[in-house]
Amino acid sequence: MARRYDPGRRTRIIDAALRVIAADGLAGLSHRTVAAEADVPLGSTTYHFGSLDELLVAALRRCNENFVQALRGSEVLAGPAGPAGPAGPAALAEELTRLLDRWFAGERGAIELEYELYLAALRRPALRPVAAEWTGEAVELLSRHTDQETARALVALMDGICLQVLLTGGTFDALCTRKMLTRIADGASTR
């Protein structure tokens, strides 16, 4: 029997892995559960991903794209600083707050999934470089408007805020977030 060419199979397997993790957590992830969810033969999952860590790396990389795309798509953040110079501390804080607010206005399950995979890097060293990719790209984008240390502090604060909201079941407080981000961004401009 000839193999059927299926160029989208790898993508479907990653999508299925994300659905399995969203429904059952990392503990529910196996090649078998993903194959069933993707409606592909078990051999397809092991062909495309030799280990669960390889599959998790692909899943985390897919999740990382969500917020990074929002940062890249921001007119304030993505482009070069422009003739007026980089965004000032208040504008930078305002834009980051707007992006976080929009992110939290979406489906909370997607954010929880993203952070579950992100935090899985604590126990799965294969995921650490992928988790670091998000931080690196976010810092790079923010560094166009502030120094490297401040960009790292802004990313760390955003991560902390997101984790607190998710872990406490609270709501995103845009006003408080804007104030904290402004303090950090403003601190860089007074050095």
Side-chain angles (χ1 to χ4, degrees), residues 1-74 77-78 96 98-142 152 155-156 158-172:
M1 177 185 235
R3 290 180 94 183
R4 194 176 85 213
Y5 179 65
D6 187 358
R9 185 169 288 191
R10 187 176 197 282
T11 299
R12 284 200 326 276
I13 291 169
I14 295 168
D15 291 341
L18 291 170
R19 288 191 302 273
V20 168
I21 296 166
D24 302 323
L26 287 173
L29 186 73
S30 70
H31 281 287
R32 190 170 306 285
T33 58
V34 171
E37 180 66 28
D39 194 26
V40 299
L42 178 59
S44 288
T45 63
T46 57
Y47 172 79
H48 288 285
F49 303 99
S51 69
L52 287 181
D53 277 351
E54 286 181 29
L55 182 55
L56 285 170
V57 163
L60 179 55
R61 191 163 274 130
R62 170 82 52 81
C63 283
N64 278 354
E65 279 300 305
N66 294 334
F67 197 71
V68 170
Q69 281 180 345
L71 290 174
R72 276 191 224 123
S74 163
L77 302 176
L96 293 174
R98 184 188 71 77
L99 291 171
L100 286 171
D101 193 34
R102 193 173 84 200
W103 199 46
F104 274 108
E107 184 187 335
R108 192 172 188 121
I111 301 169
E112 290 171 356
L113 172 63
E114 192 165 335
Y115 268 92
E116 184 169 1
L117 284 166
Y118 185 61
L119 292 174
L122 292 171
R123 300 242 183 238
R124 293 179 178 262
L127 295 177
R128 289 179 188 156
V130 182
E133 285 173 11
W134 178 88
T135 302
E137 188 158 358
V139 167
E140 180 185 323
L141 285 167
L142 296 179
R152 287 190 184 288
V155 170
M158 290 188 299
D159 260 344
I161 289 168
C162 290
L163 280 171
Q164 284 181 359
V165 170
L166 292 172
L167 293 174
T168 64
T171 57
F172 176 69

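From a predicted model like this one, the values you see are computed outputs, not experimental measurements. Just so it is clear, the values below take in all heavy atoms, side chains as well, and ignore hydrogens, waters and symmetry mates.
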Hey, could you give me the CD1/CG distance between Ile21 and Leu117, rounded to the nearest 0.5 Å? 4.5 Å
Could you pull out all donor-acceptor pairs under 3.5 Å where a side-chain atom in residues 123-130 meets a protein atom, sequence neighbours excluded?
residue: Arg124; atom: NH1; partner: Asp53; partner atom: OD1; Å: 2.5
residue: Arg128; atom: NE; partner: Ala121; partner atom: O; Å: 2.9
residue: Arg128; atom: NH2; partner: Leu122; partner atom: O; Å: 2.8

Could you tell me whether the side chain of Leu29 reaches within less than 4.5 Å of the side chain of Asp24, counting heavy atoms only? no
Nearest heavy atoms of Ile14 and Ala59, plus distance in Å: CG2-CA, 4.0 Å
Report, as yes or no, whether the 6.0 Å neighbourhood of atom CZ on Arg32 holds more than 12 heavy atoms from other residues, nucleotides or ligands. no
Tested for side chain to side chain contact (heavy atoms under 4.5 Å, CB included) against Leu60, the lone hit among Asn64, Val57, Leu56 is Asn64
Looking at every non-hydrogen atom in both residues, tell me the closest pair between Arg108 and Val165 and how far apart they are. NH2-O, 2.7 Å
Under 3.5 Å donor-acceptor, Thr33 side chain and Gly28 backbone: yes
Would you give the length of the straight line joining atom NE2 of His31 to atom OG of Ser44, rounded to the nearest 0.5 angstrom? 11.5 Å
Residues Leu113 and Ala22: closest non-hydrogen pair is CD1-N, 3.9 Å
Taking C-beta and beyond as the side chain, do Leu96 and Leu77 meet within less than 4.5 Å on heavy atoms? yes
Shortest non-hydrogen contact from Phe49 to Arg10? CE2-NH2, 3.3 Å
I want to check something: taking the side chain as every heavy atom from C-beta on, are Asp159 and Tyr118 in contact at a cut-off of under 4.5 Å? yes
dist Asp15:CG -> Glu37:CD (nearest 0.5 Å) comes out at 10.0 Å
Please examine the side chains of Arg12 and Asp39, heavy atoms only from C-beta on, and report whether any two atoms are closer than 4.5 Å. no
Roughly how far, to the nearest 0.5 Å, is CG of Leu71 from CH2 of Trp134? 7.0 Å
Is the closest side-chain heavy-atom distance between Cys63 and Tyr115 below 4.5 Å? no
Within a strict 4.5 Å, meaning less than it, do heavy atoms of the Ile111 and Phe172 side chains meet? no
Under 3.5 Å donor-acceptor, Glu116 side chain and Leu26 backbone: yes
Inter-residue atom distance Glu137.CD - Gln69.CD, 0.5 Å rounding: 9.5 Å
What's the shortest heavy-atom distance between Arg102 and Ala70, and which atoms? NH2-CB, 3.8 Å
Please examine the side chains of Glu114 and Leu166, heavy atoms only from C-beta on, and report whether any two atoms are closer than 4.5 Å. no
Nearest non-hydrogen partners of His48 and Glu54, listed with the distance: O-OE1, 4.3 Å
